Amino acid sequence: MTLRLHNTLSGKKEDFKPIDASNVRMYVCGPTVYDYAHIGNARPVVVFDILYRLLRHEYGPEHVTYARNITDIDDKIMKAAAEAGVEISEIAGKYTKIYQDDAAKLNALPPDEEPKATDYLDQMKAMIEKLIADGHAYEAQGHVLFHVPSMKNYGRLSNKNKDELIAGARVEVAPYKKDPRDFVLWKPSTADQPGWDSPWGRGRPGWHLECSCMTEDLAETIDIHGGGLDLIFPHHENEIAQSECAHGKPLANYWVHNGYLVLGGEKMSKSLGNIQTIHGLLKKFPGEALRLTLMSAHYRQPLDFSEEAVKDQKRRLDRWYRITEGAKEGEIPPAVLAALMDDLNTPKAIAALETEKNPGAVLAGARFLGLLTENSDDWFKGGVSDGPSGEEIEALIAERLEARKAKDFARADQIRKDLKAKGIILEDGPGGTIWRRTD
RNA sequence: GGCGCGGUGGCGGAGUGGCUACGCAGAGGACUGCAAAUCCUUGUACCCCGGUUCAAAUCCGGGCCGCGCCUCCA
């Protein structure tokens, strides 16, 4: 079976052919660490984790390298640091840790590499020098700018031509730009701003440059470059410009972009203010329920997010945990793999799991998707919020059992009702009464 | 204005020419002291108008509507 992936470059689904099957390389744009990430930011974490798992399955875990960067120098981080009166490294360190912890709770495997932009200043400066030497960049008023007209193919990822870009420009064009589309590779820092010495004065790198340099560690041409739809332009377009002009070869063969997470039809974004953080949601829902919710729509489609949707997926997981209780992990259902191999069709994979009758196969398929990783007792009795302890609950169950034996059903039902109000469900079965938490 | 997505049953959400997607919710039934859980049965659909075809949710043309990008963004 061949993996099929939708490639933004061609706009089509294509057969995936790695450059070197013994070393498949994928790079995904990670977070700028200046604040809590929102649940929309978690979508690529889960989507590319699925792709990573699939590649490891197909090519062998030791033959896949997955890098996801951390942007730890940026004006937003500088702003947050200035407001808090601390160094940018403190802000970046704090939110990097939170991001990694949250990703782990979503059962995303850690990437093989998590390069930080600030570790790449030498490579960035070297790339700028190369671009200047080759006539692709120029220095102006302490800035170094990439000269877009120096690249004949510019705009082919986002399908934008020169006139459209200029006509649509919604920001004021800096007077030192030779062309309105030119973008910053290096910008000057004032004395009180973080900066690094360079041939163009003390300053800091432009946003796009870091990814062009961090991908160099994988290869000049990598297999897959991923990220959110909103990175296609300008970020990925400009990464392509920098890398391809510096190396004279394609940056990536397959460009994979996930669609937006939306709330009531509108994109979730910090600028719209309609965000819910991953961190906050993890206090209300298990990570697996959030993960499954993020997998419930195809990755290129808009995903309509709501807490109700998460609750639905939580109930689905409850059901799966019941079905697979005590089951031995078997073979991954072929229909699950087939769905994923066809451009990561996770909703179809979930449906395949629903129709699978063999509990061991369900368990294997779900675990392949990063689900059902707990034992079912922990899942049902763990919960995410506070409530009565297990001992208290067991004591009440014992009391209720006595009441039931005495046919005092009013008392028995009252105990069950009280526990339900505290988020505990009691179920009477042939083997006695079992309990679980609803969250 | 340019470019790009999308409109599927009450809801979520797959499906790219003929075959029940799937799940939730609803209805009926089994089980149960009552519940819960589970099992069985079951109804409801392809935005509009043309066209191609033996056959269209699916392909083509034209509308309408929603969303996104056009230098902060996952």
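This one's a predicted model, so the numbers in the text were calculated from it and none came from an experiment. Throughout, protein chains are lettered first and strands after them, A, B, ... in sequence-line order, and every chain is numbered starting at 1.
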TODO: Would you please say whether a donor-acceptor pair under 3.5 Å links the side chains of E239(A) and H225(A)?
DONE: yes
- [ ] Establish, with yes or no, whether the OP1 or OP2 oxygen of A74(B) is under 4.0 angstrom from a side-chain nitrogen or oxygen of N41(A).
- [x] yes
Open item on the list: Heavy atoms only, 4.0 Å cut-off, all strands: where does A309(A) land among base, sugar-phosphate and nothing?
Closed with: nothing
TODO: Classify the nucleic acid contact of S269(A) as base, sugar-phosphate or nothing, counting any heavy atom under 4.0 Å across all strands shown.
DONE: base
Task: Pairwise salt bridge (charged side-chain N to carboxylate O under 4.0 Å, His left out) hits with a residue in residues 111-120 of chain A, at least two apart - done: R68(A)-E114(A)
Open item on the list: What contact category does I232(A) fall into here, base, sugar-phosphate, or nothing, at under 4.0 angstrom with non-hydrogen atoms?
Closed with: nothing
TODO: May I ask you to say what G11(A) touches in the nucleic acid, namely base, sugar-phosphate or nothing, with a heavy-atom cut-off under 4.0 Å?
DONE: nothing
Distances under 3.5 Å between nitrogen or oxygen atoms of protein and nucleotides 30-36 of chain B:
{"from": "G33(B)", "atom 1": "O6", "to": "R400(A)", "atom 2": "NH2", "distance (Å)": "3.4"}
{"from": "G33(B)", "atom 1": "O6", "to": "R404(A)", "atom 2": "NE", "distance (Å)": "3.2"}
{"from": "G33(B)", "atom 1": "N1", "to": "D413(A)", "atom 2": "OD1", "distance (Å)": "3.0"}
{"from": "G33(B)", "atom 1": "N2", "to": "D413(A)", "atom 2": "OD1", "distance (Å)": "3.4"}
{"from": "G33(B)", "atom 1": "N2", "to": "D413(A)", "atom 2": "OD2", "distance (Å)": "2.6"}
{"from": "C34(B)", "atom 1": "O2", "to": "R416(A)", "atom 2": "NH2", "distance (Å)": "2.2"}
{"from": "C34(B)", "atom 1": "N3", "to": "R416(A)", "atom 2": "NH1", "distance (Å)": "3.0"}
{"from": "C34(B)", "atom 1": "N3", "to": "R416(A)", "atom 2": "NH2", "distance (Å)": "3.1"}
{"from": "C34(B)", "atom 1": "N4", "to": "D428(A)", "atom 2": "OD2", "distance (Å)": "3.0"}
{"from": "A35(B)", "atom 1": "N6", "to": "D428(A)", "atom 2": "O", "distance (Å)": "2.9"}
{"from": "A35(B)", "atom 1": "N1", "to": "D428(A)", "atom 2": "N", "distance (Å)": "2.8"}
{"from": "A35(B)", "atom 1": "N3", "to": "R416(A)", "atom 2": "NH1", "distance (Å)": "3.0"}
{"from": "A36(B)", "atom 1": "O2'", "to": "E427(A)", "atom 2": "OE2", "distance (Å)": "3.0"}
{"from": "A36(B)", "atom 1": "O2'", "to": "R436(A)", "atom 2": "NH2", "distance (Å)": "3.4"}

TODO: Let me know the distance between CG of N258(A) and P of G68(B), rounded to the nearest Å.
DONE: 16 Å
Pairs of donor and acceptor atoms involving the side chains of residues 260-270 of chain A, under 3.5 Å and at least two apart or interchain, shall be tabulated with distances.
{"from": "S269(A)", "atom 1": "OG", "to": "S271(A)", "atom 2": "OG", "distance (Å)": "3.2"}
{"from": "S269(A)", "atom 1": "OG", "to": "L272(A)", "atom 2": "N", "distance (Å)": "3.3"}
{"from": "K270(A)", "atom 1": "NZ", "to": "Y36(A)", "atom 2": "O", "distance (Å)": "3.4"}

Contacts under 3.5 Å, N or O only, protein and nucleotides 21-29 of chain B:
{"from": "G23(B)", "atom 1": "O3'", "to": "R319(A)", "atom 2": "NH2", "distance (Å)": "3.1"}

Open item on the list: When the P atoms of U41(B) and C46(B) are compared, how many Å lie between them, rounded to an integer?
Closed with: 26 Å
Task: Separation of atom CD in Q242(A) from atom C1' in U71(B), rounded to whole Å - done: 13 Å
Open item on the list: Suppose the criterion is salt bridge (charged side-chain N to carboxylate O under 4.0 Å, His left out): which pairs have a residue in residues 34-50 of chain A, not counting sequence neighbours?
Closed with: D49(A)-R53(A), D49(A)-R291(A)
Open item on the list: Can you check the distance between G18(B) and A74(B), where both ends of the measurement are the P atom (answer in whole Å)?
Closed with: 40 Å
Task: Whole-angstrom distance between C39(B) and C24(B), as gauged at atom P - done: 9 Å
Task: P atoms of G17(B) and C59(B), separation to the nearest Å - done: 8 Å
Task: salt bridge (Lys or Arg N to Asp or Glu O under 4.0 Å) against D101(A), all qualifying residues, sequence neighbours excluded - done: K97(A)
- [ ] Check the distance between G6(B)'s C1' and L229(A)'s CG and give it to me in whole angstrom.
- [x] 12 Å
Open item on the list: For the P atoms, the ones on U42(B) and on G33(B), what distance do you get once it is rounded to whole angstrom?
Closed with: 29 Å
TODO: With side chain to side chain donor-acceptor pair (under 3.5 Å) as the test, would you mind laying out the steps for T32(A) and D74(A) before giving the verdict?
DONE: CA-CA 7 Å; T32(A) 299; D74(A) 174 271; 4.7 Å; no
TODO: List the steps, then state whether side chain to side chain donor-acceptor pair (under 3.5 Å) holds for N345(A) with Y299(A).
DONE: CA-CA 8 Å; N345(A) 195 332; Y299(A) 79 94; over 6 Å; no
Open item on the list: Once you apply a heavy-atom cut-off of 4.0 Å, does K407(A) come out as touching a base, just sugar-phosphate, or nothing?
Closed with: nothing
TODO: Taking only Lys NZ, Arg NE, NH1 and NH2, and the carboxylate oxygens of Asp or Glu, determine whether R436(A) and E427(A) approach each other closer than 4.0 Å.
DONE: yes
TODO: Scan G40(A) against the nucleic acid and name what it touches under 4.0 Å (heavy atoms): base, sugar-phosphate only, or nothing.
DONE: base
Open item on the list: Which is more 5' along RNA chain B, the nucleotide nearest H38(A) or the one nearest R300(A)? Just name the residue.
Closed with: R300(A)
Task: Rounded distance in Å between the P positions of A14(B) and U38(B) - done: 25 Å
Open item on the list: For H235(A) and E266(A), find the nucleotide of RNA chain B closest to each by heavy atoms; which residue's nucleotide sits nearer the 5' end?
Closed with: E266(A)
Task: For atom CG of L340(A) and atom C1' of A14(B), their distance in whole Å - done: 13 Å
TODO: Could you check how far NZ of K13(A) sits from C1' of A14(B), rounded to whole Å?
DONE: 11 Å
Task: Separation between the P atoms of A25(B) and U20(B), rounded to whole Å - done: 24 Å
- [ ] Assess whether side chain to side chain donor-acceptor pair (under 3.5 Å) is satisfied between Y321(A) and N375(A), documenting all intermediate values.
- [x] CA-CA 8 Å; Y321(A) 268 108; N375(A) 77 55; over 6 Å; no
Open item on the list: Assess whether a salt bridge exists between E237(A) and K160(A), defined as any Lys/Arg side-chain N lying under 4.0 Å from an Asp/Glu carboxylate O.
Closed with: no
Open item on the list: So D428(A) and R400(A), do their side chains get closer than 4.5 Å, heavy atoms only?
Closed with: yes
Open item on the list: Can you check the distance between C67(B) and G28(B), where both ends of the measurement are the C1' atom (answer in whole Å)?
Closed with: 41 Å
Open item on the list: In this structure, how many angstroms lie between the C1' atom of C70(B) and the CZ atom of F183(A), rounded?
Closed with: 16 Å
Open item on the list: Over all strands shown, is E237(A) touching base, sugar-phosphate only, or nothing at heavy-atom distances under 4.0 angstrom?
Closed with: nothing
Open item on the list: Whole angstroms only, please: what is the NZ-C1' distance between K187(A) and C72(B)?
Closed with: 11 Å
Open item on the list: Counting the atoms with a prime plus P, OP1 and OP2 as sugar-phosphate, which does K267(A) contact under 4.0 Å by heavy atoms, base, sugar-phosphate, or nothing?
Closed with: base
Open item on the list: For K314(A), is there an ion pair with E288(A) - N to carboxylate O distance below 4.0 angstrom?
Closed with: no
Open item on the list: With a cut-off of less than 4.0 Å, is there a side-chain N or O of N345(A) near OP1 or OP2 of G15(B)?
Closed with: yes
Task: Whole-Å distance separating the CD atom of E308(A) from the C1' atom of G13(B) - done: 16 Å
